[in-house]
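Quick caveat, the model's predicted, so the values are computed rather than measured. We number each residue from 1, following the sequence as shown. The figures here come from the full heavy-atom set of this structure, side chains too, leaving out hydrogens, waters and symmetry mates.
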Amino acid sequence: MAQIKSTIAIELGHSKQSWRDMIRTPGMRRRVLIASMMGLFTQMSGNTLLSYYSSLLFGMMGYTTTFAKTRINLANNCWSLLTATITALIITRFKRRFMFMLSAGLMCVVFIAITVCFQKLGEAKVAGVKNGAAGIAALVFYFSYQPCYNIGNNALTYSKSLHYY
C-alpha cells in the first residue's frame, strides 16, 4: 500500500511538468536537439533505401531470378541478425560518440563504394557487356552496410540515456 501511495505521489509530481520544461534550460534544449537528430539520422541513414529498392539493385547486379533475389534477401537478413546481436552485446564497451561517428563514416564509405559499383554496372550495360566484378563488389558492399548501420543506429540508439553526451 505504501508503494502504491509513493508511486501515485511521484506521478502527480511529474504531471505538473509541462512540455515547455523540455526547452526551458540550455541543457534540456541540447538534449532535445540530440534526441531529435538521432531519430532523424537513423531514418536518413539509407537502411530503408536499400531494403525498398533491393529487387532493383539485385537485378542491376545480375541476379534477376526470384530464387536468387530471395536467397540474397534471406542471407542479408540472417547476416543483419547476427551482426546486430553481436553489436548489441559489445557496443556498451565503447564511447557512444565515437561509435556514432564511426558508423556514419563507414556507412558513407559503403554508399560511395556501392555508387561506384553501380556506375560501373551502368557503364557496362550501355556498352553491351557484363561486368561481373562490379556486380560481386556491389553485393559485397550491400552486405557490408548492415554491420556499419548496426554499430551506430541499432542498439546504440536505444541502449543508454542521453546524459552521456
Side-chain angles (χ1 to χ4, degrees), residues 22 27-165:
M22 285 189 359
M28 287 303 291
R29 285 192 292 270
R30 182 170 185 227
R31 287 178 183 92
V32 168
L33 178 67
I34 289 171
S36 301
M37 291 298 111
M38 281 177 57
L40 178 69
F41 291 137
T42 299
Q43 290 300 313
M44 305 238 352
S45 66
N47 195 26
T48 308
L49 178 72
L50 288 178
S51 64
Y52 281 169
Y53 295 104
S54 62
S55 183
L56 177 66
L57 297 175
F58 297 152
M60 291 173 69
M61 290 178 208
Y63 304 103
T64 55
T65 66
T66 305
F67 182 68
K69 292 176 183 179
T70 303
R71 286 189 314 169
I72 294 170
N73 262 331
L74 179 63
N76 190 46
N77 286 328
C78 291
W79 173 244
S80 179
L81 175 64
L82 178 69
T83 60
T85 303
I86 292 169
T87 303
L89 293 173
I90 65 169
I91 200 72
T92 57
R93 298 177 185 176
F94 302 99
K95 292 185 178 185
R96 291 171 55 92
R97 181 174 289 172
F98 173 76
M99 296 310 283
F100 277 123
M101 299 299 277
L102 178 66
S103 175
L106 289 174
M107 284 188 295
C108 183
V109 169
V110 167
F111 266 114
I112 289 170
I114 287 175
T115 303
V116 169
C117 291
F118 282 117
Q119 173 63 31
K120 294 300 179 186
L121 287 168
E123 289 174 0
K125 185 176 182 179
V126 168
V129 296
K130 186 176 179 181
N131 189 343
I136 292 170
L139 187 62
V140 167
F141 288 117
Y142 182 83
F143 275 82
S144 299
Y145 177 80
Q146 282 306 324
C148 301
Y149 176 85
N150 289 333
I151 288 171
N153 294 320
N154 202 0
L156 191 58
T157 306
Y158 313 106
S159 64
K160 291 183 181 177
S161 65
L162 293 175
H163 74 275
Y164 287 104
Y165 285 95

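Within a 6.0 Å sphere centred on NZ of Lys69, other residues, nucleotides and ligands contribute more than 12 heavy atoms. Around the CE atom of Met101, the shell of radius 6.0 Å holds no more than 12 heavy atoms that belong to other residues, nucleotides or ligands.
Inter-residue side-chain proximity for Leu106 and Ile151 is flagged as met; some heavy-atom pair is nearer than 4.5 Å. For the pair Phe111 and Leu49, the minimum side-chain heavy-atom distance is below 4.5 Å. The shortest distance between side-chain heavy atoms of Leu139 and Tyr63 falls below 4.5 Å.
Annotation for Ala124 and Lys130: closest pair CB-C, 4.5 Å, computed over non-hydrogen atoms. The two residues Pro147 and Trp79 come nearest to each other via the heavy atoms CD-NE1, 3.5 Å. Nearest approach of Met107 to Asn153, heavy atoms of both residues: CE-ND2, 3.2 Å. In this structure, Ala138 and Phe118 approach most closely via the heavy-atom pair CB-CZ, 4.2 Å. Taking each heavy atom of Cys148 and Ser103 in turn, the nearest pair found is O-OG, 2.7 Å. The shortest heavy-atom contact between Met61 and Tyr142 is CE-CB, 4.2 Å.
Atom CG in Leu81 sits 9.5 Å away from atom CD1 in Ile86 (nearest 0.5 Å). Rounding to the nearest 0.5 Å gives a distance of 12.5 Å between CZ of Phe141 and CD1 of Ile136. Going from atom OG of Ser45 over to atom CG of Leu40 covers 10.5 Å, rounded to the nearest 0.5 Å. For the atom pair Arg93 CZ and Met99 CE, the distance stands at 11.5 Å (nearest 0.5 Å). The distance from the CG atom of Leu50 to the OG atom of Ser54 is 8.5 Å, given to the nearest 0.5 Å. One distance of note links CG of Leu121 with CE of Met60; it measures 6.5 Å at 0.5 Å rounding.
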side-chain contact (heavy atoms from CB on, under 4.5 Å) assessment of Phe58 paired with Asn73:
CA-CA 10 Å; Phe58 297 152; Asn73 262 331; 3.8 Å; yes
Verdict with supporting geometry, Ser36 and Val32, side-chain contact (heavy atoms from CB on, under 4.5 Å):
CA-CA 6 Å; Ser36 301; Val32 168; 4.2 Å; yes
Thr42/Tyr149 under side-chain contact (heavy atoms from CB on, under 4.5 Å): CA gap, chis, key distance, verdict:
CA-CA 9 Å; Thr42 299; Tyr149 176 85; 3.7 Å; yes
With side-chain contact (heavy atoms from CB on, under 4.5 Å) as the test, would you mind laying out the steps for Asn47 and Gln146 before giving the verdict?
CA-CA 8 Å; Asn47 195 26; Gln146 282 306 324; 3.2 Å; yes
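The only member of Thr83, Thr85, Thr87 that meets side-chain hydrogen bond (donor to acceptor under 3.5 Å, both in side chains) when paired with Asn150 is Thr83.
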